[in-house]
2 protein chains.
Amino acid sequence: MSYFTKLSSPPRVSPQPLSRVIKSDRTRAAILDSAFEFIWSHPFREMTVKSLMNQTGTGRSTFYRYFSDLHEVMEALLEMLQGEIFTAAQPWLTGVGDPVALMHETLDGLVRVCYQRGPFIRAMSDAATTDKRFEDAWKQFLEGFDDAGTARIESDQEQGLIPDFPARPVATSLNILDAYMLIEAFGQRPRKQQEPVRKALARIWVSTLYGSEWAEHKTSTLVRKS
Amino acid sequence: MSYFTKLSSPPRVSPQPLSRVIKSDRTRAAILDSAFEFIWSHPFREMTVKSLMNQTGTGRSTFYRYFSDLHEVMEALLEMLQGEIFTAAQPWLTGVGDPVALMHETLDGLVRVCYQRGPFIRAMSDAATTDKRFEDAWKQFLEGFDDAGTARIESDQEQGLIPDFPARPVATSLNILDAYMLIEAFGQRPRKQQEPVRKALARIWVSTLYGSEWAEHKTSTLVRKS
DNA sequence: TTATTATAACGACATTGTGTCATTAAGTCA
DNA sequence: TGACTTAATGACACAATGTCGTTATAATAA
């Protein structure tokens, strides 16, 4: 409803046209709001320009003044989501201390965010199959996690916390596991329960990286220096 | 080219209309061939009824005598794929003997089939996002593996080979891992190398189910009775 | 407040794809 | 070959996209 409308006029640092361009910002925000709302209760495949503009009061063709197509709207929404998810994943990706505990912290965060934004993330993943440009954007989003995960694994390998194996394919696999399991579980109402999902993911990540002896625990005696 | 044309006239056991319905079978097969070929070199999103019928010689509207829409074609193709993949997965799902060895056998088979059919499987997964009916068919296909995997895990748990945890969410997770990792790696040319993918998947499956101490080996001393 | 001007919104149009239907053509079998 | 069943066709209605020239409405300066 108001998610984007609230932020409709970003702080303008520019010199002259101080509040000259305000109306357009509000319309743009209205379109994003409309898409946000639409996605909450419909699959992405049912989204049309008409369906979005019906909710904004303005005519359909006005849409094209702000976005070149529906996927460009999704791209704008993805940017919003990106920060939220990446933040949730931080503990294990960059944190210091017991890596098993960090792992649980990260998965807790991811499950929480994805539960809350489920249908939204689902829509992103769906939209990625129908447009080359957005497919690339989505892929790049996922690759960000591959890079960060690979770095963390390699760093832990240097410290002897994780056995020596090629880090990237495992990091990629585990990220794909997260992404699509979370989309599957929370992407459509009724959403599944959080607890079994969290536990399954934790078991797989911990067993694979730190050893199955820690799979039942939320902490370990492994410690990360530096 | 000839994948379906060859099989165009299935052995008819029926009494009277022996070769009465032949022409229609050939056209249907031509459409399936056309779709099969199309998918090999184009993303699913570019497939149109026109693009398929151009390759068959017959006019566009004839398509609707055989299929109600593009997704129904995909459904027919999915059935073909289904057997191939399920067969490849059999060793671990139903086999007897060292489960780690069986696991490797199954993953080898899956990687081989998915490498060969990559763009094809990718198209299935893409098509599942754009049509409710086909989405259900695809989901049911995946659920088949969830059921079989869950059964195998529970059975191994009873024998003490796998620790006691809720089997289904882990089975689901690991299947999602396979499906989307294989699609990601082999779904578009140039396809990635098979070896790193195979190894990453094996590491994750084995560590999670049978313990990370077996992750480096192709066999174990665990044995399955019965 | 009003005039000026930038720009947002509109509606009609061309285009592409879908799915239907009455009609025509072709194939199958006696 | 002729009868007649069934496949193929092309025109049509519909839905959605994206463009463009025109109109209406903001914001600003007098």
Side-chain angles (χ1 to χ4, degrees), chain A residues 4-5 8-9 12 14-35 38 42-75 126-127 129-134, chain B residues 4-5 8-9 12 14-35 38 42-75 126-127 129-134:
Chain A
F4 296 94
T5 312
S8 57
S9 307
R12 304 208 154 256
S14 53
Q16 280 83 31
L18 195 59
S19 62
R20 192 72 177 281
V21 218
I22 273 202
K23 179 68 193 309
S24 80
D25 282 346
R26 255 188 302 136
T27 305
R28 192 188 141 92
I31 295 173
L32 290 172
D33 273 339
S34 179
F38 183 92
H42 305 81
F44 173 74
R45 60 172 165 269
E46 285 170 15
M47 188 163 108
T48 64
V49 174
K50 193 175 161 193
S51 73
L52 291 192
M53 298 312 281
N54 279 348
Q55 298 302 313
T56 67
T58 56
R60 187 182 65 83
S61 63
T62 296
F63 173 87
Y64 296 97
R65 180 170 290 280
Y66 298 94
F67 302 95
S68 71
D69 57 33
L70 288 175
H71 292 91
E72 210 169 285
V73 177
M74 296 305 282
E75 222 167 312
D126 286 356
T129 69
T130 47
D131 180 81
K132 181 75 180 101
R133 259 183 69 88
F134 187 70
Chain B
F4 296 93
T5 311
S8 58
S9 305
R12 301 204 159 260
S14 53
Q16 282 83 33
L18 193 61
S19 62
R20 191 73 176 282
V21 220
I22 273 201
K23 180 70 194 308
S24 81
D25 281 346
R26 256 189 300 138
T27 306
R28 192 189 141 93
I31 295 172
L32 290 172
D33 273 341
S34 179
F38 183 93
H42 305 81
F44 173 75
R45 60 172 165 268
E46 285 170 15
M47 188 163 106
T48 65
V49 174
K50 195 174 161 193
S51 73
L52 291 191
M53 299 312 280
N54 279 347
Q55 298 302 312
T56 67
T58 56
R60 187 183 65 85
S61 61
T62 297
F63 173 88
Y64 296 97
R65 180 171 290 278
Y66 298 95
F67 301 96
S68 72
D69 57 33
L70 289 175
H71 291 91
E72 210 170 284
V73 176
M74 297 304 283
E75 221 168 313
D126 287 356
T129 69
T130 47
D131 179 81
K132 181 78 179 96
R133 258 182 68 88
F134 188 70

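Here is how names work: the chains are called A, B, and so on, in the same order as the sequence lines, proteins then strands, and each is numbered from 1.
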query: Among residues 56-67 of chain B, which residues get a heavy atom nearer than 4.0 Å to DNA chain C?
result: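 Those residues are B/Arg60, B/Ser61, B/Tyr64.
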query: Listed in order of residue number, which residues of residues 44-54 of chain A have a non-hydrogen atom at under 4.0 Å from DNA chain C?
result: none
task: Any chance you could lay out the side chain to side chain donor-acceptor pair (under 3.5 Å) test for B/Ser34 and B/Thr56, step after step, and finish with the verdict?
output: CA-CA 7 Å; B/Ser34 179; B/Thr56 67; over 6 Å; no
message: In whole Å, I'd like the distance from the CZ atom of A/Arg28 to the P atom of C/dT7.
response: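 A/Arg28 atom CZ is separated from C/dT7 atom P by 17 Å.
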task: Using whole Å, report how far CG of B/Asp69 lies from C1' of C/dG17.
output: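 From B/Asp69 CG to C/dG17 C1': 13 Å.
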message: Is it the case that the side chain of B/Arg60 and the backbone of B/Met53 share a donor-acceptor pair, with hydrogens and angles ignored and the cut-off at 3.5 Å?
response: no
Quick check: do [X] and [Y] have side-chain heavy atoms less than 4.5 Å from each other?
X	Y	result
B/Phe63	B/Val73	yes
B/Thr27	B/Tyr66	yes
B/Arg28	B/Phe67	yes

task: List the steps and the verdict of side-chain contact (heavy atoms from CB on, under 4.5 Å) for B/Ile31 and B/Thr62.
output: CA-CA 10 Å; B/Ile31 295 172; B/Thr62 297; 5.8 Å; no
task: Can you sort out the partners of B/Ser68 under side-chain contact (heavy atoms from CB on, under 4.5 Å), two or more places apart, ordered by chain and number?
output: B/Glu72
- request: Quick one: closest heavy-atom pair of B/Phe38 and B/Ser51, and the distance?
  value: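 The pair with the smallest heavy-atom distance is CE1-OG, 3.6 Å.
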